[in-house]
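Computed from heavy atoms alone, side chains included, the values below leave out hydrogens, waters and symmetry copies. In what follows, every chain begins at residue 1, and chains take the letters A, B, ... in the order their sequences are listed.
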Amino acid sequence: METITISQAPQHVGETVKIGVWLTDKRSSGKIAFLQLRDGSGFFQGIIRKNDVDEATFEAAKHDLHPETSFVVTGEIAEDKRSKFGYEIHINDLEIVGQSDEYPIGNKEHGIDFLLDHRHLWLRSRKPWALMRIRSQVKLSTMEFFDKHGFTQFDAPILTSSAPEGTTELFNVDYFDEDAYLSQSGQLYGEAGAMALGRIYTMGPTFRAEKSKTRRHMTEFWMIEPEMAWCHEEESEEIQEQYVAYLIQDLIDKCPTELEMVGRSVESLKPFTELPYPRITYKEAIEMLQKGGMDVKYGDDFGAPEETFLADQFNKPVFIKNYPRSIKAFYMPTDPEDAQQVICADLLAPEGYGEIIGGSERSYDYEYITSKLEENGLSKEDYGWYDDLRKYGSVPHSGFGMGLERFLSWVTLQDHIRENIPFPRMLNRLRP
RNA sequence: GCAGACAUAGCCCAGUUGGUAGAGCGUCUGACUGUUAAUCAGAGGGUCACAGGUUCGAGUCCUGUUGUCUGCGCCA
């Protein structure tokens, strides 16, 4: 007899098979019981009738199966329109493997704090299952997209000697009696990679010790940071929008069930696969905000309300280009049309989700970079290697960073990014 | 870092001028042959966050402590 998974059930209609499962819920009558089953590959229902099994098995189904009890079922796969999945299994026999008593998570009515305290178990529920499948697909699609476009995956170090942008707080670790820090960006290392391999991308965890308490922040999150040699900002933006559209199209094609499970309709995502995305300048954005009655002036960075307002003017992601130098990173080159500004763009997601990508051209001028490093108090000892990238065969290059969980929270319509990573790390949450 | 809320059963929450601690869900027992948050009947379940104070009497009023959530800032 063949052992299959729930996801393979449609190919085994009429066959008697074995499946290793967990119970999510059950309903029973005097002579029939409905067992809601999951096995990691999917969810469906098992039916057990008193007349089809011996009495001990039927009694076991009624009394010994509790939420998350693991067992092996033997039965015949049937197509049935009364089942939500479309298929179900008529059980002839079952063998309990692992008992489960008083499972803490029910079908409804839990607060977020309780659920996060039980994250190791909550992951078994439907919504986290769907969110983790979507996350996995996005990472796979990322690798496929960049591979197709000639990029090499390039892993930046996580332990670093100091801070790339010098401003944010870093997690300090003891590195054999020397101070080291957990990386807050792989970008500078990515630039070294681009000079070696042309086009690279990093994909890995990033750490920020900022005491942020918002729906858009975690202390540990994942970034995807492509870096491209011989590339100006305009070309980088084209890659960015193609990448975002590619991720969304792949989700539409490969994860429609998971999207529906988390409340995101496939139809609502389709417009975001149509390119190009609109582009406006920072100055135009300021004008739009002022006309909209918001209290901003040139030189201000945008907060959440401003980002939402701007994104609401378009029904697509929108690039905001060329911000003032004062609110951007030291390595961004001067905008030739306005010396107060730098060549960069942020991509704002629609529907109130704010910035999902920050990117820019990188200055490749040795004098400019060395003076900026000095202005920002970044030492030769720690950043001399970054100078070298300009000293030996410097070329125009650009790159960007996408926050994986921010992207995911947008496409899955979550109001907080914490459910888009298996074990979120936040200001007040380090366990489980 | 700033501001505002909250803390009562395993969970989600009520609790009136201060007067014996409540419901729903889950759990357990029973009924029911197509249930989808099943339904019906019954049972069990509490150091009211912690520490003081006022009072004949505090879940309720006062003070302090701790924890959590939400929004803002910072950013992805």
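- If you take CZ of A/Arg27 and C1' of B/rA37, they are 8 Å apart, rounded to a whole angstrom.
- Here B/rU68 presents its C1' atom at 11 Å from CE of A/Met426, a figure rounded to the nearest Å.
- If you check every strand for non-hydrogen atoms under 4.0 Å, A/Glu88 touches a base.
- Pairing for B/rA14 is absent, judged as Watson-Crick or G-U wobble with the two contacts each under 3.5 Å.
- Atom CG of A/Asp101 has more than 12 neighbouring heavy atoms from other residues, nucleotides or ligands inside a 6.0 Å radius.
- Residue A/Met218 is in base contact, counting any heavy-atom pair closer than 4.0 Å across all strands shown.
- Stacking annotation: A/Phe221 is stacked on the base of B/rA76 (ring centroids less than 5.5 angstrom apart, interplanar angle below 30 degrees).
- Taking 4.0 angstrom as the limit, A/His63 places none of its side-chain polar atoms (N or O) nearer than this to OP1 or OP2 of B/rC28.
- Residues A/Tyr103 and A/Ile357 each lie close to RNA chain B; by heavy-atom proximity, the contact nearer the 5' end of the strand is made by A/Tyr103.
- A donor-acceptor contact under 3.5 angstrom links the side-chain atoms of A/Gln45 to the base of B/rU35.
- Distance A/Ile105 CD1 to B/rU27 P: 14 Å, rounded to the nearest Å.
- Pairing for B/rG67 goes to B/rC6, judged as Watson-Crick or G-U wobble with the two contacts each under 3.5 Å.
- Out of B/rU68, B/rU27, B/rU33, the shortest distance to the side chain of A/Asn428 is found at B/rU68.
- When heavy atoms are screened at a 4.0 angstrom cut-off, A/Asp101 is found touching no nucleic acid atom at all.
- Relative to the side chain of A/His416, the nucleotides B/rU35, B/rU27, B/rU70 differ in distance, and B/rU70 lies closest.
- The shortest heavy-atom contact between A/Asp335 and A/Ile343 is CA-CG1, 3.8 Å.
- Taking each heavy atom of A/Gly359 and A/Glu233 in turn, the nearest pair found is C-OE1, 4.3 Å.
- The residue A/Arg215 sits close only to the backbone: its heavy atoms come under 4.0 Å of sugar-phosphate atoms, none of a base.
- Residue A/Arg406 places none of its side-chain N or O atoms closer than 4.0 Å to OP1 or OP2 of B/rA76.
- B/rC28 is paired with B/rG42 under the criterion used here, namely a Watson-Crick or G-U wobble arrangement in which both key atom distances are under 3.5 Å.
- Comparing B/rU68, B/rU27, B/rC12 by their closest approach to the side chain of A/Asp113 singles out B/rU68.
- One finds the CG atom of A/Leu427 at 7.0 Å from the NZ atom of A/Lys211 (value rounded to the nearest 0.5 Å).
- Under 3.5 Å, the side chain of A/Arg49 and the base of B/rG34 form at least one donor-acceptor pair of N or O atoms.
- Checking B/rC61 for Watson-Crick or G-U wobble geometry (two distances, each under 3.5 Å) identifies B/rG53 as its partner.
- Atom CG of A/Leu23 is separated from atom P of B/rU36 by 16 Å (rounded to the nearest Å).
- For B/rG73 and B/rA3, the P atoms lie 16 Å apart once the distance is rounded to whole Å.
- Counting to the nearest Å, the P atom of B/rU35 and the NZ atom of A/Lys81 are 17 Å from each other.
- When the P atom is compared between B/rG10 and B/rG46, the two are found 7 Å apart, to the nearest whole Å.
- Pairing for B/rA21 is absent, judged as Watson-Crick or G-U wobble with the two contacts each under 3.5 Å.
- B/rG44 and B/rC28 have their C1' atoms separated by 7 Å, with the value rounded to a whole Å.
- A cation-pi arrangement is absent between A/Arg126 and A/Trp129 under the rule of less than 6.0 angstrom and at most 45 degrees off the ring axis.
- Along RNA chain B, the nucleotide closest to A/Gly30 and the one closest to A/Met223 are compared, and the more 5′ of them pairs with A/Gly30.
- Side-chain contact check for A/Gln187 and A/Tyr331: at least one donor-acceptor pair (N or O, by modelled atom type) lies under 3.5 Å.
- Across all strands shown, B/rC48 has no partner, as no Watson-Crick or G-U wobble contact with both distances under 3.5 Å is found.
- When heavy atoms are screened at a 4.0 angstrom cut-off, A/Gly354 is found touching no nucleic acid atom at all.
- In this structure, B/rC74 forms no base pair with any nucleotide, since neither Watson-Crick nor G-U wobble geometry is met with both distances under 3.5 Å.
- OP1 or OP2 of B/rU70 lies within a sub-4.0 Å distance of a side-chain N or O belonging to A/Arg418.
- The side chain of A/Lys84 lies closest to B/rU36, out of B/rU35, B/rU36, B/rC69.
- Here B/rC32 is the nucleotide among B/rA76, B/rC32, B/rA38 with the atom lying nearest to any side-chain atom of A/Lys62.
- The pairing partner recorded for B/rU33 is none, the criterion being a Watson-Crick or G-U wobble arrangement whose two distances lie under 3.5 angstrom.
- Using a 4.0 Å heavy-atom distance criterion, A/Ser83 is classed as making no nucleic acid contact.
- For the P atoms, the distance from B/rU60 to B/rG53 is 14 Å, rounded to whole Å.
- A donor-acceptor pair shorter than 3.5 Å cannot be found between the side chains of A/Glu235 and A/Ser398.
- Using cut-offs of 30° and 60° on the angle between ring planes, the pair A/Tyr243 and A/Phe400 is tilted.
- Applying the 3.5 Å distance criterion, the base of B/rC72 shares no donor-acceptor pair with the side chain of A/Thr214.
- Of the candidates B/rG34, B/rU35, B/rC69, B/rG34 carries the atom nearest the A/His90 side chain, counting heavy atoms from C-beta on.
- Among the nucleotides B/rC11, B/rG73, B/rC75, the one closest to any side-chain atom of A/Ala304 is B/rG73.
- Taking atom P in both B/rC13 and B/rA21, one finds a spacing of 23 Å when rounded to whole Å.
- In this structure, A/His110 places its NE2 atom 18 Å from C1' of B/rC69, rounding to the nearest Å.
- Separation of the C1' atoms belonging to B/rA37 and B/rG1 is 43 Å when rounded to the nearest angstrom.
- Between B/rC75, B/rG34, B/rU33, one nucleotide has an atom nearer to the side chain of A/Arg82 than all others, and that is B/rG34.
- Spacing between atom NZ of A/Lys213 and atom P of B/rG71 amounts to 11 Å, rounded to whole angstrom units.
- A/Glu225 has its CD atom 16 Å from the P atom of B/rC75, to the nearest Å.
- Checked for salt-bridge contact, A/Lys316 and A/Glu241 miss the test: no charged N lies under 4.0 Å from a carboxylate O.
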- Task: Please lay out, stage by stage, how A/Thr69 and A/His66 fare under the test side chain to side chain donor-acceptor pair (under 3.5 Å).
- Result: CA-CA 5 Å; A/Thr69 296; A/His66 307 284; 5.6 Å; no
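- Taking atom P in both B/rU68 and B/rU27, the straight-line distance is 30 Å, to the nearest Å.
- Of the P atoms belonging to B/rA51 and B/rU8, the separation is 15 Å, rounded to the nearest Å.
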